[in-house]
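Following: one structure in structure tokens, then a few remarks.
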Amino acid sequence: MFLSITDKASPETMEKLLDKLIIYGVELGKDIIAAVLIYIIGRFIIRQLKNVIDKILLRRKIDPSVHSFIQSLTSLLLNLVLTFAVVAQLGIDTASFTALFVSAGAAIGMALSGNLSNFAGGLILLIFKPFKVGDFIETSTVSGTVKEIQIFHTILITPDNKIIYTPNGVMSSNYITNYSVQEKRRAEWILRLDAGKDFSIEKEKIQTILLNDKRVLSAPEPLIVINALHERRMEIMIRAWTLSTDFWDVYYNIYEKLQQQGFPEEGHKHK
């Protein structure tokens, strides 16, 4: 059947068809080249705009948490604009493309409902600011220093230098303990002593250890009391305040000195 039709086609008809194919190929090639150029130039412009926005935010001393969020959001919006420009250059009807995108939006929204909640969670974190970049925080599942707050995730660095991406929806809907927001923190040690020992003498030893450490604050005054009495032993509770930045060093140093002085451990915790 194909051969019979081809045989009947005149040379003039074949020549016209070939000319149309060549013209179509040239036009399509131009559109593709133009789309590639738009993409390359667009990516360059996006990088420049991001640098300009970054400098403006730094000049205005915007909070680092807001800074990272704005950068992430700006990058997303600019890349969406670039995508529409490339699609339009390829000859695809942007109106129909937009309609298709909107019609698929509901389904995509259902599939990405978690990401939408993470986006809303990011806004909540920026508005109420339960923490900022550089704070050490603890959630129900993870703990670490806040490195960056993005559109959908908050990036934490753990004490052992691991990177954790925590969804903003989870961060905004669960409890968060911020260890950096307060200037001072209280450490607590609980020791056990034989019931026959003189508490006043042991208390004086502990006071000497605390007073010799300049990082231990005098106000509020350290507390040393008998926490509980048992048949053969008594529990001594020690509470001392220090700057949040010195907390862990003070906590472990004092604990080590108490052990060197022969105070056995009953338990220890920090507040």
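Along the sequence shown, residues carry numbers from 1.
Taking Ile, Leu, Val, Met, Phe, Trp and Tyr as members and joining any whose side-chain heavy atoms lie under 4.5 Å apart, directly or through other members, the hydrophobic cluster of L37 also contains I33. Counting Ile, Leu, Val, Met, Phe, Trp and Tyr side chains that sit under 4.5 Å apart, directly or through other members, I163 shares a hydrophobic cluster with I155, I157, Y165.
Taken to the nearest 0.5 Å, the CE atom of M171 stands 11.0 Å off from the CG atom of N118. Annotation: the span from M237 atom CE to N227 atom CG amounts to 5.0 Å, rounded to 0.5 Å. Atom NZ of K214 is separated from atom CG of N212 by 10.0 Å, given to the nearest 0.5 angstrom. Taking CG from L49 and OG from S75, the interatomic distance works out to 11.0 Å, rounded to the nearest 0.5 Å. Atoms NZ and CG, on K132 and D135 in that order, are 4.0 Å from each other to the nearest 0.5 Å.
Side-chain contact between I149 and F131 is present, with heavy atoms from C-beta onward closer than 4.5 Å. With contacts defined as side-chain heavy-atom distances shorter than 4.5 Å, the pair N79/I46 qualifies. Using a 4.5 Å heavy-atom cutoff, the side chains of R185 and L243 are not in contact. With a 4.5 Å cut-off on side-chain heavy atoms, T166 and L156 count as touching. The shortest side-chain heavy-atom distance between Y251 and T242 does not fall under the 4.5 Å cut-off. Residues T158 and V142 fail the side-chain proximity criterion, which asks for heavy atoms closer than 4.5 Å.
By the neighbour-count criterion of 12 heavy atoms within 6.0 Å, atom CD of Q207 is densely surrounded, having more than that number from other residues, nucleotides or ligands. In F44, the CZ atom is not crowded: 12 or fewer heavy atoms of neighbouring residues, nucleotides or ligands sit closer than 6.0 Å.
A search for side-chain contact (heavy atoms from CB on, under 4.5 Å) contacts involving V181 returns N178, not counting sequence neighbours. Shown here are the side chain to side chain donor-acceptor pair (under 3.5 Å) partners of R215, two or more places apart in sequence or in another chain: D213, N253. With sequence neighbours left out, the side chain to side chain donor-acceptor pair (under 3.5 Å) criterion links E138 to Y179. Partners of D246 under the salt bridge (charged side-chain N to carboxylate O under 4.0 Å, His left out) rule, at least two apart in sequence or in another chain, do not exist in this structure. Residues meeting the salt bridge (charged side-chain N to carboxylate O under 4.0 Å, His left out) test with K205, sequence neighbours left out: E202. Applying the side chain to side chain donor-acceptor pair (under 3.5 Å) test to S140 and every residue at least two apart in sequence or in another chain returns nothing. Looking at residues two or more places apart in sequence or on another chain, you find a side chain to side chain donor-acceptor pair (under 3.5 Å) between D198 and S200.
Look at K197 and D194 and you find no salt bridge, because none of the NZ, NE, NH1 or NH2 atoms lies under 4.0 Å from a carboxylate O. A salt bridge between E188 and R239 is present, with a side-chain N of the basic residue lying under 4.0 Å from a carboxylate O of the acidic one.
Between A240 and V216, the shortest heavy-atom contact is CB-CG1, 3.9 Å. For I226 against M234, the heavy-atom pair with the smallest separation is CD1-SD, 4.2 Å. Considering every non-hydrogen atom in both I176 and P130, the closest pair reads CD1-CG, 4.4 Å. Closest of all the heavy-atom pairs between T139 and Y175 is O-OH, 3.6 Å.
Residue pairs satisfying the side-chain hydrogen bond (donor to acceptor under 3.5 Å, both in side chains) criterion with at least one member in residues 143-154, sequence neighbours excluded, are listed as follows: E148-Q150, T154-N168. Residue pairs that meet the salt bridge (Lys or Arg N to Asp or Glu O under 4.0 Å) test with at least one member in residues 162-178, sequence neighbours left out, are D160-K162. Annotation: side-chain hydrogen bond (donor to acceptor under 3.5 Å, both in side chains) contacts involving residues 48-58, sequence neighbours excluded, comprise D54-H67, D54-Q71.
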| Given the rule in the side-chain contact (heavy atoms from CB on, under 4.5 Å) test, do I151 and L76 qualify, once you have shown the distances and angles that lead to the verdict? | CA-CA 9 Å; I151 296 178; L76 176 62; 4.2 Å; yes
| task | Could you please spell out the steps behind the side-chain contact (heavy atoms from CB on, under 4.5 Å) verdict for I238 and I206? | result | CA-CA 9 Å; I238 307 167; I206 296 171; 3.6 Å; yes
| request: Could you check V225 against L223 for side-chain contact (heavy atoms from CB on, under 4.5 Å), going step by step and ending with a plain yes or no? | output: CA-CA 6 Å; V225 295; L223 177 70; 3.5 Å; yes
| field | Derivation of the side-chain contact (heavy atoms from CB on, under 4.5 Å) call for Y39 and L82 | value | CA-CA 7 Å; Y39 177 78; L82 177 60; 3.9 Å; yes
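Under the 4.5 Å side-chain contact rule for hydrophobic residues, W189 and F247 share a cluster. I201 and L210 fall into different hydrophobic clusters, where Ile, Leu, Val, Met, Phe, Trp and Tyr side chains are chained together by heavy-atom contacts under 4.5 Å. Note on L191: it clusters hydrophobically with F199, by side-chain heavy-atom contacts below 4.5 Å among ILVMFWY residues. I209 is not connected to L217 by any chain of hydrophobic side-chain contacts under 4.5 Å among Ile, Leu, Val, Met, Phe, Trp and Tyr, and they are in different clusters. Under a hydrophobic-cluster definition in which Ile, Leu, Val, Met, Phe, Trp and Tyr are linked whenever side-chain heavy atoms come within less than 4.5 Å, directly or via other members, V170 and F136 are assigned to different clusters.
Although no hydrogens or angles enter the test, the distance criterion places a donor-acceptor pair under 3.5 Å between the side chain of S244 and the main chain of Q182.
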